[in-house]
**Student:** 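Take a look at the following structure, please.
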Protein chains: 2
Amino acid sequence: MSDPSTSRPARGRPPRLDQARTVETALDLLNGSGLDALTMRRLADAMGVQAGALYRYFRTKEDLLTAMAERMMAGIRAPAGGADWSDRLSGLARALRQALLAHRDGARVFAGTHSTGPGTLGFAESCTGVLREAGFSDADAARAALAVVRLTIGHTLEEQAALRTEDGSPADPEVLRAAVSSGGYPHLTAALPTLTEADQAPHFEFGLALLVAGLETLRQPRR
Amino acid sequence: MSDPSTSRPARGRPPRLDQARTVETALDLLNGSGLDALTMRRLADAMGVQAGALYRYFRTKEDLLTAMAERMMAGIRAPAGGADWSDRLSGLARALRQALLAHRDGARVFAGTHSTGPGTLGFAESCTGVLREAGFSDADAARAALAVVRLTIGHTLEEQAALRTEDGSPADPEVLRAAVSSGGYPHLTAALPTLTEADQAPHFEFGLALLVAGLETLRQPRR
DNA sequence: ACCTGAACACCGTTCAAGT
DNA sequence: ACCTGAACACCGTTCAAGT
């Protein structure tokens with residue numbers, strides 16, 4: 001079955017490269033060193049090959065990054081479907097955040113690409129499906145799904161950016177604290193303890209809860 | 001007053017470069033060719049100088065990008081303050097989107113940097129101020145402001161990404177349409193007409209309205 | 001003090017040539 | 001068919017040297 005001599009013609013040597021393994025190696029490299037250090041040359045090195053060889057499998061680096069984003073989205077499993085629509089929608093948003101957090105700079109990779117693969121489309125299908133089945137119109141379901149996804153991307157982008165300077169160096173919170181307390185920002189000063197919290201999950205949950213509460217008022221106009 | 005011979009010592013030739021003019025030129029270049037084409041060498045060229053000279057005014061390219069983001073934020077004028085808190089908050093969010101839209105790839109520049117300058121902090125101060133004066137707790141004001149800013153960034157990032165492929169080439173909507181209609185995505189198919197609308201403002205307004213409605217339920221728990 | 005010139009250590013991408 | 005080697009046209013950044 002998996003014997004290369006019986007499965008397909010396969011004349012010549014078996015290839016040392018393929019799309020799936022290359023994407024996997026690229027995601028490992030991403031986790032190890034971050035997006036800025038992910039170059040075609042370094043990826044080729046990790047695969048034991050010259051940089052030019054990658055271009056037989058990916059037309060450009062952007063195509064590779066798109067394949068990486070699609071691979072991240074394909075890993076998402078929608079949580080159990082028994083709950084009501086607001087729990088299911090929240091679960092999808094949390095799953096998206098987790099999928100992006102699973103790889104260093106995951107949100108940056110996702111935000112910089114536009115996959116139309118089954119993972120990405122499947123996730124969008126789930127979001128709009130939950131909303132349409134809850135009774136929202138096609139247009140409202142589309143726009144609500146966009147809002148949830150875009151809030152999640154915006155949030156996770158900043159969450160991972162804060163992680164970048166986490167260890168050593170003048171950490172981001174310190175710089176912000178200094179800038180705020182030096183000037184005349186009374187409201188920001190009051191908000192600062194919350195803004196500089198290490199755990200970003202409550203911030204995400206708060207924004208998500210606002211969107212869901214807003215959607216609920218849309219379903220029950222005045223009650 | 002502005003005579004260089006009386007204002008300051010200024011021995012030697014007057015400098016051909018300064019921070020403000022460099023940032024302005026960089027923003028012009030951004031509008032003309034986009035972020036990917038904005039290199040230190042091309043910027044130096046536009047200023048009639050060698051690339052190395054820029055490093056006397058900006059420690060790194062990232063510092064330049066941060067200054068550009070700060071310049072964009074400094075241009076924001078908060079809309080008139082007579083309205084109620086929800087209108088003022090929406091006005092701030094709209095002003096942020098407009099400021100990012102004012103420059104090609106503006107959202108990408110902003111999302112990739114972390115200015116702590118007066119423009120950026122002043123905007124954050126306005127957002128938290130509106131919310132705290134409306135009676136929200138410090139923590140809720142902080143998190144609500146984060147949600148509004150992050151939704152706006154997430155939205156504008158995608159809005160400008162869609163603009164990138166606007167003219168010529170296989171435009172993004174077409175690719176999406178083809179991918180969706182080929183597979184088994186019934187909900188996405190229903191949502192497609194809305195998702196592929198050219199005008200993105202309604203999408204933004206919808207998400208913003210959801211956040212504001214969510215905040216209103218927080219103020220009046222059950223009524 | 002301010003800028004040039006030139007270099008260093010890289011990039012993404014292409015493509016003839018080898019096997 | 002698949003990969004190498006080498007090149008092309010760039011990058012960001014540094015720094016002695018000039019003026």
Side-chain angles (χ1 to χ4, degrees), chain A residues 3-23 25-26 29-30 32-69 105 108-109 112-113 164 169, chain B residues 3-23 25-26 29-30 32-69 105 108-109 112-113 164 169:
Chain A
D3 182 355
S5 67
T6 63
S7 62
R8 219 77 92 79
R11 291 187 310 213
R13 279 178 291 299
R16 291 147 62 190
L17 244 41
D18 67 275
Q19 286 208 85
R21 269 189 56 247
T22 306
V23 168
T25 306
L29 232 59
L30 187 68
S33 329
L35 183 55
D36 294 335
L38 178 66
T39 70
M40 296 303 265
R41 284 172 147 92
R42 278 205 257 248
L43 175 57
D45 244 48
M47 311 278 303
V49 102
Q50 295 294 315
L54 295 171
Y55 289 81
R56 194 162 297 269
Y57 299 89
F58 302 94
R59 213 175 44 80
T60 61
K61 184 181 184 180
E62 208 192 303
D63 279 13
L64 167 69
L65 290 167
T66 301
M68 291 168 67
D105 292 330
R108 240 167 100 201
V109 170
T113 58
R164 279 208 324 119
S169 77
Chain B
D3 183 355
S5 69
T6 63
S7 61
R8 214 82 92 74
R11 292 188 307 216
R13 280 177 291 300
R16 289 147 65 190
L17 245 39
D18 67 275
Q19 285 208 86
R21 269 190 55 247
T22 306
V23 167
T25 308
L29 233 59
L30 187 69
S33 330
L35 183 55
D36 294 337
L38 179 66
T39 70
M40 296 302 267
R41 283 171 147 92
R42 278 205 257 246
L43 175 56
D45 244 49
M47 310 277 305
V49 102
Q50 294 295 314
L54 295 172
Y55 289 82
R56 194 162 297 270
Y57 299 89
F58 302 93
R59 213 176 44 80
T60 60
K61 184 180 183 181
E62 209 192 302
D63 280 11
L64 168 70
L65 290 167
T66 302
M68 291 168 67
D105 292 329
R108 242 166 102 201
V109 171
T113 58
R164 279 207 324 120
S169 76

**Student:** Nearest heavy-atom pair of B/Arg59 and B/Asp63: which atoms, and what distance?
**Tutor:**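 Scanning both residues completely, I find the closest heavy atoms to be CB-OD2, 3.3 Å.
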
**Student:** Select base, sugar-phosphate, or nothing to describe what B/Tyr57 touches, counting heavy atoms under 4.0 Å on all strands.
**Tutor:**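 Contact class for B/Tyr57: sugar-phosphate only.
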
**Student:** Identify every side-chain donor-acceptor pair in residues 33-45 of chain A under 3.5 Å, counting partners at least two apart or on other chains, and give the distances.
**Tutor:**
from, atom 1, to, atom 2, distance (Å)
A/Asp36, OD1, A/Arg108, NH2, 2.7
A/Thr39, OG1, A/Arg42, N, 3.0
A/Arg42, NE, A/Ala37, O, 2.9

**Student:** For A/Asp36 and D/dC11, give me the distance from atom CG to atom P, rounded to whole Å.
**Tutor:**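 These atoms are roughly 17 Å apart.
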
**Student:** Give one of base, sugar-phosphate or nothing for A/Arg41, where a contact means two heavy atoms less than 4.0 Å apart.
**Tutor:**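 Result for A/Arg41 = base.
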
**Student:** Can you name the salt bridge (charged side-chain N to carboxylate O under 4.0 Å, His left out) partners of A/Arg16, sequence neighbours left out?
**Tutor:**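 If we apply the salt bridge (charged side-chain N to carboxylate O under 4.0 Å, His left out) test to A/Arg16, skipping adjacent residues, there are no hits.
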
**Student:** Could you give the CG-to-P distance, from B/Leu17 to C/dC3, as a whole number of Å?
**Tutor:**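 Spelled out: CG on B/Leu17 to P on C/dC3 is 5 Å.
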
**Student:** Which residues within residues 42-56 of chain A lie with some heavy atom under 4.0 Å of an atom in DNA chain D?
**Tutor:**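 The stretch gives A/Val49, A/Gln50, A/Ala53, A/Arg56 as the residues lying under 4.0 Å from the strand, ordered by number.
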
**Student:** To the nearest angstrom, how far is A/Leu64 atom CG from C/dT13 atom C1'?
**Tutor:**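 Whole-Å distance recorded here is 14 Å.
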
**Student:** Show me the side-chain donor-acceptor pairs of residues 51-58 of chain A shorter than 3.5 Å, one per line, residues at least two apart or across chains.
**Tutor:**
from, atom 1, to, atom 2, distance (Å)
A/Tyr57, OH, A/Leu17, O, 3.3

**Student:** Looking only at atom P, what distance separates D/dA9 and C/dA9, rounded to whole Å?
**Tutor:**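 Comparing P positions in D/dA9 and C/dA9 gives a spacing of 23 Å.
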
**Student:** Which pair of non-hydrogen atoms, one from B/Ala69 and one from B/Thr113, has the smallest distance, and what is that distance?
**Tutor:**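 Here B/Ala69 and B/Thr113 meet closest at CB-OG1, 3.3 Å.
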
**Student:** For residues B/Asp105 and B/Arg164, determine if any side-chain heavy atom of one lies less than 4.5 Å from a side-chain heavy atom of the other.
**Tutor:**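 Heavy-atom side-chain distance check passes, below 4.5 Å.
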
**Student:** Given atom CD of A/Gln19 and atom C1' of D/dC2, what is their separation to the nearest angstrom?
**Tutor:**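 A/Gln19 atom CD is separated from D/dC2 atom C1' by 15 Å.
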
**Student:** What pair of heavy atoms forms the shortest contact from A/Met68 to A/Val23, and how long is it?
**Tutor:**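 Closest pair (atom of A/Met68, atom of A/Val23, distance): CA-CG1, 4.0 Å.
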
**Student:** Using whole Å, what does the distance between atom C1' of nucleotide C/dG12 and atom CG of A/Asp63 come to?
**Tutor:**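 Rounded to whole Å, this separation is 13 Å.
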
**Student:** In whole Å, what is the span from the CZ atom of B/Phe58 to the P atom of C/dC3?
**Tutor:**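 Roughly 12 Å, once rounded to whole Å.
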
**Student:** Specify the separation, in whole Å, of atom CE of B/Met40 and atom P of C/dA7.
**Tutor:**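 That distance rounds to 21 Å.
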
**Student:** Got a minute to check which stems DNA chain D is part of, using Watson-Crick or G-U wobble pairs under 3.5 Å, three or more consecutive?
**Tutor:**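 Looking at DNA chain D, the stems formed by three or more consecutive pairs are C:4-8 with D:12-16, C:12-16 with D:4-8.
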
**Student:** Could you list the residues that satisfy side-chain contact (heavy atoms from CB on, under 4.5 Å) with A/Gln50, not counting sequence neighbours?
**Tutor:**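 A/Gln50: no side-chain contact (heavy atoms from CB on, under 4.5 Å) contacts found.
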
**Student:** If you compare all heavy atoms of A/Leu29 against all heavy atoms of A/Ala46, which two are closest, and at what distance to 0.1 Å?
**Tutor:**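 Closest approach of A/Leu29 to A/Ala46: CD1-CB, 4.1 Å.
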
